[in-house]
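Hydrogens, waters and symmetry mates play no part in the numbers below; they use all other heavy atoms, side chains included. Numbered from 1 within each chain, the chains take letters A, B, ... in sequence-line order.
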Protein chains: 2
Amino acid sequence: MVNRRRAARTDTAPPFRADDGRWQELLDIAARIFARKGYRSTTLQDIADEFGVLKGSLYHYIRSKDELLFEVVRTVYAGGLENLRELAEAELDPVERLRAVIRGHVRYLIDNLVETTVLLHEFDQLSAENRARLPIRDYQEVVAGLVADAQADPRVKPDLDPQLTALAVLGAANWVYRWYRPDGRRSPDQIGAAYADLLVDGMLTRTGAPLDRRPRAL
Amino acid sequence: MVNRRRAARTDTAPPFRADDGRWQELLDIAARIFARKGYRSTTLQDIADEFGVLKGSLYHYIRSKDELLFEVVRTVYAGGLENLRELAEAELDPVERLRAVIRGHVRYLIDNLVETTVLLHEFDQLSAENRARLPIRDYQEVVAGLVADAQADPRVKPDLDPQLTALAVLGAANWVYRWYRPDGRRSPDQIGAAYADLLVDGMLTRTGAPLDRRPRAL
DNA sequence: GGCCCTACCAAACGATTGTCTGGGCGGGTA
DNA sequence: TACCCGCCCAGACAATCGTTTGGTAGGGCC
């Protein structure tokens, strides 16, 4: 017998997620296994085992494996972008703001290491439709905008390509997911600070005035 | 009937690869599809189709799908490391040597974009044994060594962490495989030069002497 | 007590996967 | 001519995949 309520619901929203705790648990488990084995190498069986359920029962929570990947990834995507934009609006000298952005981005990435790993590594395993809903290009444009802003400052190299510089910054920062281990020698903040100083100082001219702050328009 | 020659050969070497041209063609095709769809999403059927052969016939050239991935990746791994080490031995000022290394590494990566993509993105899909045969850590150590060398120069920040700095450099450079398109705005050499200047200048103090070369031990 | 709804089970589905077996064709070599 | 061997075909193999179906236990609510 067909459950009419259910059929009606799945038209717009995913299957039952009333028990929010259990739904979050499922997302966490999926994220961990996706991060460890890769999306395509992960079986719904793997996830169901850890979730304590038969694999068919997962369809109580999801409509497809692809949707599960998307749900894992969209939260950390949105959070990361919001985090970046908040940092970008800080009332600071443009150069110092860039430093804060890099520190904060690295910090966010490490704080959400598992989900970020899935986002960065399995992004193009998403279906075309779901991929279009997460325009990662936005990250690049935020950083490029900040670099362009900073170029109003005479301390900043005038010949920087903001897009290219943004890609270098994001590349260095995002790469962290490939090697960071919680038991490593450096703390997240140490890493963020080191990266910020390396990359931002690299944007400055070496012949200009020293690094102390001068009066500048916000 | 069992082909005795074949059984004897496969103990040490892979199956028949006498026709070297055809073998290289297979590697190229596999690399392209691996790069586009990912290793796990690629079917031997996909490869066989483009190779113009039934999928079972691929076992004339390979012993397993995993071996195929390994063969695609090991050449570009070895070439990249050799390239890096050659650049690292250039008779240059340590700071300029770092610049040359970054330019050369970016250059190599783009020149071998397809294979590099597979190496960087599908590395942990290799079997544990094959992965152990490609210690990517070596890349990091070469660059970290160069950073440490450069720190003998007073222009270079004395408080740099060579390992961390190397990871930033390699992160920025390796990330190129994620966004580079041959029809993009910047040429490979422009990208390499921009990255080299950004990253190496970021390693220099801003209070020190200007950038001209001074006499230093090689 | 009867009803509904969430959260699952039990079992199967068709499709696809990597891999293996046995054989055949055709060009070189003796 | 006879044989060998690199190259590939034809077809099957078991295993595994994501997904679907119908059913049910149990708690809350009327």
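Classified by interplanar angle (parallel below 30°, tilted 30° to 60°, perpendicular above 60°), the ring pair Tyr39(B)/Phe34(B) is perpendicular.
Distance OH (Tyr61(A)) to P (dT19(D)): 18 Å, rounded to an integer number of Å. Look at CG on Leu58(B): it is 10 Å from P on dC8(D), rounded to the nearest Å. Atoms CG (Asp49(A)) and P (dT16(D)) sit 13 Å apart, rounded to a whole Å. The CG atom of Asp20(A) sits 15 Å away from the C1' atom of dA7(C) (whole-angstrom rounding). Across the protein-nucleic acid pair, Trp23(B) atom CH2 and dC8(D) atom P stand 13 Å apart, rounded to whole Å. The CD-P distance, from Glu67(A) to dT19(D), rounds to 10 Å in whole Å.
If you look at Phe70(A) and Tyr77(A), their ring centroids are not closer than 6.0 Å.
Judged by distance alone, the side chains of Gln125(A) and Ser41(B) do bring a donor and an acceptor atom under 3.5 Å apart.
One finds a side-chain N or O of His60(A) lying less than 4.0 angstrom from the OP1 or OP2 phosphate oxygen of dA7(C).
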With side chain to side chain contact (heavy atoms under 4.5 Å, CB included) as the criterion, how do Trp175(A) and Tyr195(A) come out once you've worked through the C-alpha distance, each side chain's angles and the decisive distance to 0.1 Å? CA-CA 11 Å; Trp175(A) 197 255; Tyr195(A) 276 35; over 6 Å; no
Residues Arg99(A), Asp201(A); criterion salt bridge (Lys or Arg N to Asp or Glu O under 4.0 Å); working and verdict: CA-CA 9 Å; Arg99(A) 244 182 265 271; Asp201(A) 287 352; 3.1 Å; yes
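Of all nucleotides listed (dC9(D), dG6(D), dC8(C)), dC8(C) comes nearest to the side chain of Ser57(A). Set against dT6(C), dC9(D), dA10(C), the side chain of Leu54(A) has dA10(C) as its closest nucleotide.
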What string of B, S and - do you get for nucleotides 14-19 of chain C, 5' to 3', when a contact is any protein heavy atom under 4.0 Å? ---BBB
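Under a cutoff of 6.0 Å and an axis angle of 45°, Arg22(A) and Phe51(A) form a cation-pi pair.
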